[in-house]
Colleague: 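Structure provided below as structure tokens; questions to follow.
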Amino acid sequence: MKFTRQVSNKLPNLEIVFNNDDLIFYSTAYSFWAGNQAPMGNAAHVGDTERFLKVHIEQQVRNDLIDEYSEPKGYISFRIVGNNSSNVGWLMIPSILSYGTLNLLGMPAGWSDIDLELEARLYDRNKRLIKIYRAFGSDSTVIACYYGYNELDAEKVSVINSVKQALASIKQQINNDQSLLLTKLR
């Protein structure tokens, strides 16, 4: 029996690089529960989200983009370039006036809306930039008692879903440029 290696339509192996602050999402939304501007960049709140994003991005890149069994031919790095977040909190007025009774009856307390831009940079073995890919992702998550999330978790879920959406778009862009990238990554 003779075994042959299947020709893959994936890029050669790339080292996935993250800098310390590349995936920290800083919220500009006003926190109604905390009563202040609440940056999600605080280590206590964002650490789990950051770790999940890194693991998710690495898994997606290894599964869909690169042939991890080949010799490393370059690097790929990811970072969140820009973001915009808001907590739609006009529903807080009836919630406060009813002392939360309406929320217990099923009314949402608000929504966490996230828009962000994810950037992927591909480098060759000599760390020369080959190409930059950017994509937008957005998500809206319900803040509610029974069927939604609390305010902090809603923002984390929105960030994660937005990054997943942007990553899918970046993967499509990379697949469209595959012949160019294969020649540059030799």
Side-chain angles (χ1 to χ4, degrees), residues 1-29 39-85 112-141 152-153 155-186:
M1 186 186 300
K2 186 176 181 181
F3 292 101
T4 59
R5 185 170 183 235
Q6 291 182 339
V7 176
S8 173
N9 62 349
K10 295 181 177 183
L11 296 175
N13 194 3
L14 300 171
E15 184 178 332
I16 303 167
V17 179
F18 294 103
N19 292 330
N20 289 339
D21 295 337
D22 285 348
L23 295 179
I24 292 180
F25 179 84
Y26 290 97
S27 168
T28 57
M40 292 241 350
N42 294 341
H45 297 299
V46 85
D48 292 338
T49 307
E50 261 182 35
R51 281 189 291 277
F52 178 81
L53 289 177
K54 285 181 182 180
V55 168
H56 177 72
I57 289 172
E58 285 180 2
Q59 286 176 343
Q60 292 299 310
V61 168
R62 290 188 198 292
N63 291 341
D64 299 339
L65 288 178
I66 64 173
D67 178 13
E68 64 181 322
Y69 300 110
S70 66
E71 177 186 337
K73 302 279 186 178
Y75 306 89
I76 186 168
S77 69
F78 290 91
R79 71 184 184 118
I80 293 176
V81 178
N83 62 67
N84 183 24
S85 65
S112 176
D113 295 326
I114 304 291
D115 298 314
L116 60 80
E117 184 177 10
L118 185 67
E119 178 183 271
R121 292 175 175 245
L122 270 76
Y123 299 91
D124 65 8
R125 241 185 264 180
N126 299 321
K127 298 185 181 177
R128 287 182 297 219
L129 182 65
I130 297 173
K131 191 147 185 187
I132 298 173
Y133 295 95
R134 288 186 173 192
F136 291 95
S138 63
D139 190 59
S140 182
T141 304
L152 185 58
D153 289 344
E155 192 162 43
K156 287 180 182 180
V157 167
S158 291
V159 169
I160 290 167
N161 289 338
S162 297
V163 167
K164 284 181 180 180
Q165 187 180 49
L167 185 59
S169 178
I170 287 174
K171 287 191 298 189
Q172 182 63 41
Q173 293 174 39
I174 289 173
N175 286 336
N176 291 342
D177 290 343
Q178 191 167 22
S179 60
L180 166 78
L181 296 174
L182 287 173
T183 59
K184 298 272 188 175
L185 289 170
R186 286 193 175 165

Colleague: Give the intermediate values and the outcome of side chain to side chain donor-acceptor pair (under 3.5 Å) for residues Q172 and N176.
Modeller: CA-CA 6 Å; Q172 182 63 41; N176 291 342; 3.1 Å; yes
Colleague: With rounding to the nearest 0.5 angstrom, report the CD1 to OG1 distance, I114 to T141.
Modeller: 7.5 Å
Colleague: Starting at CD1 of I170, measure out to CZ of R134 and round the result to the nearest 0.5 Å.
Modeller: 10.0 Å
Colleague: Could you give the distance from NZ (K184) to CG (D177), rounded to the nearest 0.5 Å?
Modeller: 11.0 Å
Colleague: Side-chain contact, heavy-atom cut-off 4.5 Å: I130 with L180?
Modeller: no
Colleague: Give me the atom names and distance for the closest heavy-atom approach of S162 to D139.
Modeller: OG-N, 3.3 Å
Colleague: Would you find a donor on one side and an acceptor on the other, under 3.5 Å apart, between the side chain of S169 and the backbone of A166?
Modeller: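 Absent.
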Colleague: What's the spacing between K10 NZ and L65 CG if we round to 0.5 Å?
Modeller: 8.5 Å
Colleague: Say whether, by atom type as modelled, one donor and one acceptor occur between the side chain of N126 and the main chain of R128 under 3.5 angstrom.
Modeller: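 Such a contact is absent between N126 side chain and R128 backbone.
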Colleague: Using a 4.5 Å cut-off on heavy atoms from C-beta on, say whether the side chain of L182 contacts that of L11.
Modeller: yes
Colleague: Where do E71 and N13 come nearest, in terms of heavy atoms and distance?
Modeller: O-CB, 3.8 Å
Colleague: If I compare all heavy atoms of V17 with all of Y75, which pair ends up nearest, and what's the gap?
Modeller: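 For V17 and Y75, the tightest heavy-atom pair comes out as CG2-CD2, 3.9 Å.
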Colleague: Please give me the minimum heavy-atom distance between S158 and S112, naming the atom from each residue.
Modeller: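 Residues S158 and S112, closest heavy atoms: OG-O, 3.1 Å.
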Colleague: Hey, does K54 have a side-chain heavy atom less than 4.5 Å from the side chain of I16?
Modeller: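 SC-SC contact between I16 and K54 ruled out.
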Colleague: Between E119 (side chain only) and R79 (backbone N and O only), is there a donor and an acceptor less than 3.5 Å apart?
Modeller: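 No, E119 side chain to R79 backbone: no donor-acceptor pair under 3.5 Å.
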Colleague: Roughly how far apart are I174 CD1 and I76 CD1, rounded to 0.5 Å?
Modeller: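 Answer for the CD1-CD1 pair, I174 versus I76, is 4.5 Å.
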Colleague: Could you give the distance from CG (L118) to NZ (K164), rounded to the nearest 0.5 Å?
Modeller: 13.5 Å
Colleague: F78 versus V61: any side-chain heavy-atom pair under 4.5 Å?
Modeller: yes
Colleague: Would you name the heavy atoms of Q165 and S138 that are closest together and state the gap between them?
Modeller: OE1-N, 2.6 Å
